[in-house]
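Keep in mind that what you see is a predicted model, and the values were worked out from it rather than measured.
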Amino acid sequence: QVQLVESGGGSVQAGGSLRLSCAPSRYTSSRVTRDCMAWFRQAPGKQREGVAAIDRDGVISYADSVKGRFTISKDNANNTLFLQMNSLKPEDTAMYYCAARIGYCGTWYWGSTYGYWGQGTQVTVSS
């Protein structure tokens, strides 16, 4: 069953913006989203890569490829994670996934350490 639910994907032209959201499904305890949450993406034919993560203490990490363009944030009251994506490039085209794990982020970019995932939302950036 779906543990996290993403929304906000779509198609934009290069230079445009999108905002992704992620919230726990009705079947998922809010405990799951209390600690480390992150965004990952996977383009066709490429490996999944970490995009950004936010820790329970508000510590934020970004992949070098999105620094200065993407902003991760979290609404703790509503257990909702966001990813504001500005200045989008064609190479940002991918399926974007929300992930969560219990405990601190640490090596946040290791997808295998996350136990909870969403079904993904497609982001397509045209040149």
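- A single hydrophobic cluster is not seen to contain both Ile54 and Val32; linkage of ILVMFWY side chains at heavy-atom distances under 4.5 Å, directly or through other members, places them apart.
- Side chain of Thr93 to backbone of Glu91: no donor-acceptor contact under 3.5 angstrom is found.
- For residues 45-55, every residue pair satisfying the side chain to side chain donor-acceptor pair (under 3.5 Å) rule, not counting sequence neighbours, is listed here: Arg41-Glu49.
- Across Val5 and Ser25, no two heavy atoms sit closer than the pair CG2-CB, 4.0 Å.
- Proximity of a side-chain donor or acceptor of Glu6 to a complementary backbone N or O of Ser21 within less than 3.5 Å is not detected.
- Between Cys22 and Met37 there is a side-chain heavy-atom pair separated by less than 4.5 Å.
- In terms of heavy-atom proximity, Pro90 sits nearest to Ser127 at CG-CB, 3.9 Å.
- When only modelled atom types and interatomic distance are considered, Ser17 and Asn86 share a side-chain donor-acceptor pair under 3.5 Å.
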Can you give the donor-acceptor pairs under 3.5 Å from side chains of residues 105-116 to other protein atoms, not counting sequence neighbours?
residue, atom, partner, partner atom, Å
Thr113, OG1, Arg101, NH1, 2.2
Thr113, OG1, Trp110, O, 2.6
Tyr114, OH, Trp108, O, 2.7

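- Side chain of Thr124 to backbone of Ser11: no donor-acceptor contact under 3.5 angstrom is found.
- In this structure, Tyr97 and Trp117 have perpendicular ring planes: the angle between them is above 60°, well past the 30° mark.
- In terms of heavy-atom proximity, Thr71 sits nearest to Tyr62 at CA-OH, 3.2 Å.
- Here the shortest heavy-atom pairing between Ala52 and Leu83 reads CB-CD1, 4.4 Å.
- Expressed to the nearest 0.5 Å, how far CD1 of Ile72 lies from CD of Gln84 amounts to 12.5 Å.
- No continuous path of ILVMFWY side-chain contacts below 4.5 Å connects Val123 to Met95, so the two sit in separate hydrophobic clusters.
- Side-chain atoms of Asp35 never come within 3.5 Å of backbone atoms of Ile102 as a donor-acceptor pair (strictly under, hydrogens ignored).
- Cluster membership check: Leu4 does not share its hydrophobic cluster with Tyr96, using side-chain heavy-atom separations under 4.5 Å among Ile, Leu, Val, Met, Phe, Trp and Tyr.
- Looking only at distances, a side-chain donor or acceptor of Arg69 sits under 3.5 Å from a matching main-chain atom of Ser87.
- Under the 4.5 Å side-chain contact rule for hydrophobic residues, Phe82 and Phe40 do not share a cluster.
- Taking SG of Cys36 as the reference point, atom CG of Asp57 lies at 11.0 Å (rounded to 0.5 Å).
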Problem set entry | Full working for side-chain contact (heavy atoms from CB on, under 4.5 Å) between Thr28 and Arg26 | CA-CA 6 Å; Thr28 303; Arg26 66 172 73 179; over 6 Å; no
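- Looking at every heavy atom in both residues, Leu81 comes nearest to Cys98 through CD2-SG, 4.0 Å.
- Under the 4.0 Å criterion applied to side-chain N and carboxylate O atoms, Asp92 and Lys89 are not assigned as salt-bridge partners.
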